[in-house]
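Start at 1 with the first residue, then count along the sequence.
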Amino acid sequence: QVQLVESGGGLVQSGGSLRLSCAASGRTFSRYAMGWFRQTPGKEREFVAAIGWSGGITYYTDSVKGRFTISRDDAKSTVYLQMNSLKPGDTAVYYCNAGLSIATVRASTVLGSWGQGTQVTVSS
């Protein structure tokens, strides 16, 4: 099973930027699509962004398009989420996970256990 550790969260003012990282275990990282998700108290975890196994295809939920960028470094088994122009509505715990394709990641059909996540707080 894929093990995942998220980092890079913090407190930032509205309009600021953060870069999240997710380190994955396993020798087959390059074969997985990867995704970022977020969750706020009392709400279900929601899909944010995904990247295909080749890195050539990405997909974003509408609310983050043009502001967030997902990328991956297969040599480091790490996926990133660059978040710019942050808004208070982006405040959440952010998680990453792996899937067999972008479609399955978007559907939250994931391969790894959910980690602790990393808290992102955007102040107004």
Is a salt bridge present between K65 and D62, judged by a nitrogen-to-oxygen distance below 4.0 Å? yes
Looking at R72 and D74, is there a salt bridge between them, counting it only when a charged N and a carboxylate O are closer than 4.0 Å?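 Answer for the salt bridge query: yes.
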Between atom [atom1] of [X] and atom [atom2] of [Y], what is the distance when rounded to the nearest 0.5 Å?
{"X": "D90", "Y": "T40", "atom1": "CG", "atom2": "OG1", "answer": "11.5 Å"}
{"X": "T61", "Y": "F47", "atom1": "OG1", "atom2": "CZ", "answer": "7.0 Å"}
{"X": "Y95", "Y": "Q39", "atom1": "OH", "atom2": "CD", "answer": "5.0 Å"}
{"X": "R67", "Y": "S85", "atom1": "CZ", "atom2": "OG", "answer": "7.0 Å"}
{"X": "S108", "Y": "F37", "atom1": "OG", "atom2": "CZ", "answer": "4.5 Å"}
{"X": "T121", "Y": "Q13", "atom1": "OG1", "atom2": "CD", "answer": "13.0 Å"}

Check: Y80/R19 side-chain N/O donor and acceptor closer than 3.5 Å: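 Judged by distance alone, the side chains do not pair up.
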Can a donor-acceptor pair be found between the side chains of D73 and T78 at a distance below 3.5 Å? no
Through direct or indirect side-chain contacts below 4.5 angstrom among Ile, Leu, Val, Met, Phe, Trp and Tyr, which residues connect to I51? V2, L4, V12, L18, L20, F29, Y32, M34, W36, V48, Y60, V64, F68, I70, V79, L81, M83, L86, Y94, L100, L111, V120, V122
Taking the side chain as every heavy atom from C-beta outward, state whether Q119 and L11 have any pair of such atoms under 4.5 Å apart. no
Closest approach of [X] and [Y], non-hydrogen atoms and distance?
{"X": "S14", "Y": "S124", "value": "CB-CA, 4.2 Å"}
{"X": "A50", "Y": "I102", "value": "CB-CG2, 4.2 Å"}
{"X": "R38", "Y": "S63", "value": "NH2-OG, 3.4 Å"}
{"X": "G9", "Y": "T118", "value": "N-OG1, 2.9 Å"}

Is the backbone of Q3 close enough, under 3.5 Å, to the side chain of S25 for a donor and an acceptor to pair up by distance?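 Yes; at least one donor-acceptor contact below 3.5 Å.
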Tell me, yes or no, whether the heavy-atom count around I57 atom CD1, taken from other residues, nucleotides or ligands under 6.0 Å, exceeds 12.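 No.
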Verify the neighbour count for atom CD of Q116: are there more than 12 heavy atoms of other residues, nucleotides or ligands below 6.0 Å?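 Atom CD in Q116 is not crowded, with 12 or fewer foreign heavy atoms closer than 6.0 Å.
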